[in-house]
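Scroll down for the structure; my scribbles are underneath it.
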There are 2 protein chains.
Amino acid sequence: MELPERKRRILKAIVENYIDTAEPVGSKALADSFDTPISSATIRNEMSELEEMGYLEKPHVSAGRVPSFAAYRLYVNELMDRHRVATNELEAMRLMMESKMREIDNIVVSASKVIGEMTQHTAVSMISRKGGDRVKRCELIAVDSGSTYAAVLVTGSDVKNKMLRLASPVAPSTAAMLCTALNLAISENRLEYLLPSVAQSMGEDSQVYQMTSDILDFIRQTEAGSKPEVYIDGAARLLDNREYQDTGRAREVLEYFSDRSKVGELLESANGDPINVRIGPELQDPSMRDASLVFTSYQIDSNTRGIVGIIAPARMDYADVTAKLIAFTQTISGVMGRQRKQLKDAGETDERRTEDEEDGSR
Amino acid sequence: MELPERKRRILKAIVENYIDTAEPVGSKALADSFDTPISSATIRNEMSELEEMGYLEKPHVSAGRVPSFAAYRLYVNELMDRHRVATNELEAMRLMMESKMREIDNIVVSASKVIGEMTQHTAVSMISRKGGDRVKRCELIAVDSGSTYAAVLVTGSDVKNKMLRLASPVAPSTAAMLCTALNLAISENRLEYLLPSVAQSMGEDSQVYQMTSDILDFIRQTEAGSKPEVYIDGAARLLDNREYQDTGRAREVLEYFSDRSKVGELLESANGDPINVRIGPELQDPSMRDASLVFTSYQIDSNTRGIVGIIAPARMDYADVTAKLIAFTQTISGVMGRQRKQLKDAGETDERRTEDEEDGSR
DNA sequence: TCTTAGCACTCAGGGGTAATGAGTGCTAAA
DNA sequence: TTTAGCACTCATTACCCCTGAGTGCTAAGA
């Protein structure tokens, strides 16, 4: 069932040509582009067979051929040559990142900016935590004179806060007690008993009860990882592509983008592979039918990973995009490894940095 | 220099017709639309005078006339009749808001969603604090075993946090001391003396010094109000408009949107007027040359206000948009007033809610 | 003096037709 | 199995003409 060598070469050439020009490619032009001379007639024969096999499509009878989604799939899986990014580009990337990555909170933003800038496509980026965030500790801080409190949750690698507006003031000492009780319950993993016990001792319509219930909701929400923050950079760049010259199509995709949770869900499906590619229909959404998503993930800390990728027309330069994404994750784990190392060197040592693991799976 | 009555009526009709159809309006069609019969010839005469005065433009000699930016300006300032939104729409808005406004943190997001939905245009929204945020208090929380701290700042109406990664651990007791010192310095307004004194007692390369300096930077950043959060809803809706059928134009504007700080700056210029309107060139940005921004602000608390508006082609239904924005601010201050009232009723009473103030300025 | 009817003129947009040319499939010879 | 040749298809472009909406101007009417 393996495709014979010549067919592979022809298909590869067609895909690359189409990626380049966005125009159906014909037998004549293709024949000329080969160094070993093959006649256009031969190519025509091969083409019509490739068409039968489902790798090519004709927009209409007298145009050239266009790769099908199956062709793109084959191309990324087998045909494409994986090239490396030029060292000067790599250096530029490292510089961009060193300067932007100083603060962990905007690592997602920076990631999408950097990769968007590099590829000149629309970049998406998010942070995913293993099984949601585990809340480790909780603090209560009076903000207003009396009635407004902030609940601050400390999780694996982040701190979240929420304002609580209470109808009547709660004494700081009461709040401190509640805080202690909460932390005890968290550390003993018995959160579910807390609310009933508060109800018993303070009454169901006490302010403290209300406050506790709000905080528990917040904890639950945080641990469920309710809404992952998804960043999108350069959505407008999509309009540069021929396939989105038609405003109708463009609108569909931009609308899809505006629902971050959909995009987030897509990205969450990243598996351990160094590079994930979802082509056209594989994205399972009609508005994305002629786009592809190429993405990858990188480790931020033991249970947090970043996911970053680019969305562009199915006709995109997969080789280039893939190479840049790989370079990106390597650079970022380099940058973060260095930071981590710096941290450890000054204190004690207990973690080995894992970098440059090659994974030739599939 | 007042425009005579008939010219005003004609200009108004032209603007409204153009808003409606997006097509140059001609003398004949216009004549027919009047109840008091005027001949098309008369209208032609009036039109050519209006053109001389700079209120009308001809796309080309044999088309009708199109309003100039000056015409839109005149229209919003004097010609347009300010209509009210239908009560059922108002009710729908109130419902949408009641459900979405429960949490203050996403008031901006909800505001842009609601108003975007109502007008079917691109909505922008942000929060602006009077003279930046004043930091009132600060807390330090150890996150990791030793080396990672969170600084939590309490400001007028919000809480901000930032992770600090330190090279070596700082003892909790030291952190607590630093915290006390910080709060003292804040309350006495002598922040600038803190760093030198830490340097003196702990040494310039101590961890505490580093930490202090980081926190002070964060405080400064917060007080400068570095980056206001600007939300944009329904950017894709822009593509529905005839003037952005051309992808080039659309791209320009979408790119403009992606620079939130620019949009934020624009919105910051809201003055006390119930409604602000910036038409085309008044936006001072070439990519926005044929768009307009209509926006308004509403009070969130004593020194925080929200700003919300819509961005659409200069040819937009100003009367409708304006009415909806006004209805929005009234509804929101109603909703928030009720929340505030609820809060006070349960505790003490000290603030009167101000609602339904009519302001016929200008 | 203002308004209106009439008329000549302009010009974008629509529809039809023809020319162009890239590309195909098929056949027959190498 | 490959290649040259040939007839055929059909999207795209250019061209042209026509139509109709709209203008400006002039002269007559109120």
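Every heavy atom of this structure was used, including side-chain atoms; hydrogens, water molecules and symmetry mates were not. Below, read A as the first sequence line, B as the second, and so on, with proteins coming before strands; counting in each chain starts at 1.
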Point to revise | Phosphate OP1/OP2 of C:dT24: any A:Ser62 side-chain N/O under 4.0 Å | key: no

**Study point:** Presence of B:Arg65 side-chain N/O under 4.0 Å of D:dG24 phosphate oxygens OP1/OP2
**Key:** yes

Point to revise | A:Glu255 with B:Arg237: basic N within carboxylate O range, under 4.0 Å | key: no

Point to revise | Heavy-atom check, side chain of B:Phe257 versus side chain of B:Met288, under 4.5 Å | key: yes

Exercise for review: Using heavy atoms to find the nearest nucleotide of DNA chain C for B:Glu46 and A:Lys28 separately, return the residue whose nucleotide is more 5′.
Suggested key: B:Glu46

Check your understanding: Between B:Glu46 and B:Arg6, does at least one N-O distance fall below 4.0 Å, as a salt bridge requires?
Key -> yes

Exercise for review: Provide, to the nearest angstrom, the distance between the CD atom belonging to A:Glu23 and the C1' atom belonging to C:dG23.
Suggested key: 13 Å

Review point. Between B:Lys7 (NZ) and C:dT3 (P), how many Å, whole number?
Key: 9 Å

Point to revise | Value rounded to 0.5 Å, distance of CZ in B:Arg8 from OH in B:Tyr55 | key: 9.5 Å

Check your understanding: Which whole-number value in Å describes the distance from B:Ile43 CD1 to D:dG24 C1'?
Key -> 16 Å

Point to revise | d(NE2, A:His60; C1', C:dG21) in whole Å | key: 12 Å

Exercise for review: Give the dot-bracket string for DNA chain C, reading 5' to 3', where a pair is Watson-Crick or G-U wobble with both distances under 3.5 Å, ( ) marks pairs inside the strand, [ ] marks pairs crossing earlier ones, | marks a partner on another strand, and . marks unpaired.
Suggested key: ||||||||||||||||||||||||||||||

Practice item. Calculate the interatomic distance between A:Glu51 atom CD and C:dG23 atom P; express it in whole Å. Key: 15 Å

Point to revise | A:Tyr18 OH - C:dA22 P separation (whole Å) | key: 19 Å

Exercise for review: Determine whether B:Phe328 and B:Met93 make a side-chain contact, defined as any pair of heavy atoms from C-beta on separated by less than 4.5 Å.
Suggested key: yes

Check your understanding: What's the closest nucleotide to the A:Arg6 side chain, out of D:dT3, D:dT9, D:dT2?
Key -> D:dT2

Practice item. Classify the side chain of A:Arg44 versus the base of D:dG5 as yes if they form a donor-acceptor pair under 3.5 Å and no if they do not. Key: yes

Point to revise | Which nucleotide in D:dT2, C:dT24, D:dT23 has an atom nearest any side-chain atom of A:Thr42 | key: D:dT2

Exercise for review: Would you mind classifying the nucleic acid contact of A:Ala41 as base, sugar-phosphate or nothing, using non-hydrogen atoms under 4.0 angstrom?
Suggested key: base

Revision key, fill the gap. Between the CG atom in A:Asp20 and the CZ atom in A:Arg315, the distance rounded to the nearest 0.5 Å is 9.0 Å

Review point. Can you tell me how far P of D:dT23 sits from CD1 of B:Ile14, to the nearest Å?
Key: 9 Å

Review point. Looking at the side chain of A:Ile38, which of C:dC11, D:dT3, D:dT23 is the nearest nucleotide?
Key: D:dT3

Practice item. May I ask you to verify if any side-chain N or O of B:Ser48 is less than 4.0 angstrom from the OP1 or OP2 atom of D:dT23? Key: no

Check your understanding: Strictly by modelled atom types, are A:Ser269 and A:Arg278 linked by a side-chain donor-acceptor pair under 3.5 Å?
Key -> yes

Check your understanding: What is the distance from CG of A:Leu30 to P of C:dG23, rounded to the nearest Å?
Key -> 10 Å

Practice item. For B:Glu57 and B:Ser68, test the side chains for any donor-to-acceptor distance below 3.5 angstrom and give the result as yes or no. Key: no

Check your understanding: For D:dA11, does OP1 or OP2 lie under 4.0 Å from any side-chain N or O of A:Lys58?
Key -> no

